[in-house]
Amino acid sequence: MPWIPGYSQSSSSGLTTSDQKFCKTCSSWRSILNDTHTVPPVLLQTRGFIRQNCDSGLLSPLPSDSFKYLGWCDIEEHDVRGNQLHCPRVREGPSEEELFFRGEEHTMKKRKQATDTEKRQKKLQENWENCAELNLSFQDLGDLYQVENFKRILRRLIRVEKLWLVDNSLTDLSAIRLPRCRELNVNKNHFTSFKQLPKIPQIQHLSLAENNIMTLSGISDFRHTPLESLILKRNPCEFQERYRQLVFSSLPNLKMLDGIPKLPEDCSPPDTRFFFKMCTIL
């Protein structure tokens with residue numbers, strides 16, 4: 001009698017067909033586990049490969065493995081432009097020498113040398129000049145060539161108004177100019193001074209939380225900007241005496257510091273006499 005879903009066929013042993021199948025399955029697995037020379041088939045992932053640990057021992061790459069180091073604009077047959085993306089992955093992939101050292105030569109076949117025409121087409125497709133809002137956070141820039149490629153993209157953001165660069169291990173963007181940027185978030189980077197920030201003449205909201213800015217030196221460079229909101233939480237300069245008064249006296253247009261609006265006690269100028277107090281020993 002053919003097997004019908006939901007129907008149990010009895011046998012002469014008193015067990016249903018489904019019970020027999022279950023017993024056979026259990027016994028087969030029990031024999032596998034008891035045999036010390038046999039390992040159940042397990043899929044292991046190593047360097048982008050899927051390896052099946054069985055008698056064949058064959059290695060086979062994932063279908064997408066050869067694309068894992070490509071940028072979005074290097075993938076063929078699509079017309080997506082940079083100004084259509086809000087959070088693209090733009091980190092440059094490893095060099096061919098590094099891929100060879102890693103044993104990942106199979107990824108090179110998709111990284112052929114680009115012609116001048118292809119480079120122009122790529123530049124047009126990236127279209128960073130027309131981005132108005134962009135999130136380039138968490139790019140994992142571990143090598144110098146990746147940082148240089150990242151800065152190349154930043155130099156093209158001439159129309160960006162809102163930009164997020166969170167957690168990119170950035171240390172110096174002083175050579176970058178963002179003429180239209182009104183909102184910039186560079187939290188969780190490695191800036192140590194205001195002098196290392198990009199040129200942002202139209203900035204209104206600036207977030208620098210969790211960097212390593214030691215002093216308020218250089219903050220007056222933003223005095224002639226329309227800066228209204230500034231976040232310096234979890235920076236060493238936050239513990240400077242009369243911190244809020246010093247910041248507001250340097251930035252007369254500022255309305256909010258670290259998420260707290262400007263208070264009456266923040267408006268009084270710093271007590272300059274404090275710096276000239278001397279202790280006389282008789």
Could you tell me whether a side-chain N or O of [X] sits under 3.5 Å from a main-chain N or O of [Y], the two making a donor and an acceptor?
{"X": "Asn235", "Y": "Leu208", "value": "yes"}
{"X": "Arg159", "Y": "Asn130", "value": "no"}
{"X": "Ser137", "Y": "Val166", "value": "yes"}
{"X": "Gln146", "Y": "Gly142", "value": "yes"}
{"X": "Asn189", "Y": "Asn187", "value": "yes"}
{"X": "Gln139", "Y": "Pro88", "value": "yes"}
{"X": "Asn253", "Y": "Leu227", "value": "no"}
{"X": "Asp172", "Y": "Ser174", "value": "yes"}

**Asked** Do other residues, nucleotides or ligands put more than 12 heavy atoms under 6.0 Å from the NZ atom of Lys199?
**Response**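 Result for NZ/Lys199: enclosed.
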
**Asked** Within a reach of under 6.0 Å around NZ of Lys262, are more than 12 heavy atoms found that belong to other residues, nucleotides or ligands?
**Response**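 Enclosed: over 12 neighbouring heavy atoms sit under 6.0 Å from NZ of Lys262.
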
Does some side-chain heavy atom of [Y] sit less than 4.5 Å from a side-chain heavy atom of [X]?
{"X": "Arg156", "Y": "Glu126", "result": "yes"}
{"X": "Ser250", "Y": "Leu216", "result": "no"}
{"X": "Val160", "Y": "Trp128", "result": "no"}
{"X": "Leu173", "Y": "Leu197", "result": "no"}
{"X": "Arg223", "Y": "Pro252", "result": "yes"}
{"X": "Phe222", "Y": "Ile203", "result": "yes"}

Which heavy atom of [X] sits nearest to which heavy atom of [Y], and what is that distance?
{"X": "Phe194", "Y": "Thr215", "result": "CE1-O, 3.8 Å"}
{"X": "Thr225", "Y": "Asp221", "result": "CG2-O, 4.4 Å"}
{"X": "Asn211", "Y": "His190", "result": "OD1-N, 3.4 Å"}
{"X": "Pro201", "Y": "Pro226", "result": "O-CD, 3.4 Å"}
{"X": "Pro261", "Y": "Arg244", "result": "O-NH2, 3.3 Å"}

**Request:** In sequence, state the C-alpha distance, the side-chain angles, and the governing distance for Trp164 and Leu184, and then conclude on side-chain contact (heavy atoms from CB on, under 4.5 Å).
**Result:** CA-CA 6 Å; Trp164 291 266; Leu184 178 62; over 6 Å; no

Working to the nearest 0.5 Å, report the span between [atom1] of [X] and [atom2] of [Y].
{"X": "Ile158", "Y": "Cys181", "atom1": "CD1", "atom2": "SG", "result": "13.5 Å"}
{"X": "Phe248", "Y": "Arg242", "atom1": "CZ", "atom2": "CZ", "result": "14.0 Å"}
{"X": "Asp167", "Y": "Glu210", "atom1": "CG", "atom2": "CD", "result": "9.0 Å"}
{"X": "Leu263", "Y": "Gln245", "atom1": "CG", "atom2": "CD", "result": "10.5 Å"}
{"X": "Ser169", "Y": "Phe138", "atom1": "OG", "atom2": "CZ", "result": "11.5 Å"}
{"X": "Glu133", "Y": "Leu157", "atom1": "CD", "atom2": "CG", "result": "12.5 Å"}

**Message:** I'd like to know whether Gln202 forms a side-chain contact (heavy atoms from CB on, under 4.5 Å) with Arg180, so could you lay out the CA-CA distance, the side-chain angles of the two residues, the decisive distance to 0.1 Å, and finally the verdict.
**Reply:** CA-CA 6 Å; Gln202 300 300 321; Arg180 295 190 182 182; 5.7 Å; no

**Request:** Evaluate the side-chain contact (heavy atoms from CB on, under 4.5 Å) criterion for residues Leu141 and Leu170: first the C-alpha distance (whole Å), next the side-chain angles of each, then the deciding distance (0.1 Å), finally the verdict.
**Result:** CA-CA 9 Å; Leu141 307 174; Leu170 300 173; 4.2 Å; yes

**Item:** Residue pair His205, Ile231: steps toward the side-chain contact (heavy atoms from CB on, under 4.5 Å) verdict
**Value:** CA-CA 8 Å; His205 306 283; Ile231 296 179; over 6 Å; no

**Message:** Just to verify, which of Leu134, Leu136, Asn185 counts as forming a side-chain contact (heavy atoms from CB on, under 4.5 Å) with Leu165?
**Reply:**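 By the side-chain contact (heavy atoms from CB on, under 4.5 Å) criterion, Leu165 pairs with just one of Leu134, Leu136, Asn185: Leu136.
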
**Item:** Among Leu246, Ile213, Leu230, side-chain contact (heavy atoms from CB on, under 4.5 Å) partner for Ile219
**Value:**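 Of all the options given, the one that passes is Leu230.
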
**Message:** If we count only N and O atoms by modelled type, under 3.5 Å, do the side chains of Thr192 and Asn212 hold a donor and an acceptor together?
**Reply:**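 No, no side-chain donor-acceptor contact under 3.5 Å.
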
**Asked** With a 3.5 Å cut-off and no angle check, do the side chains of Tyr243 and Asp258 form a donor-acceptor pair?
**Response**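 Yes - a donor-acceptor pair under 3.5 Å links their side chains.
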
**Message:** Between Glu161 and Arg182 (salt bridge meaning N to carboxylate O under 4.0 Å), is one present in this structure?
**Reply:**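 Looking at Glu161 and Arg182, the cut-off is met.
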
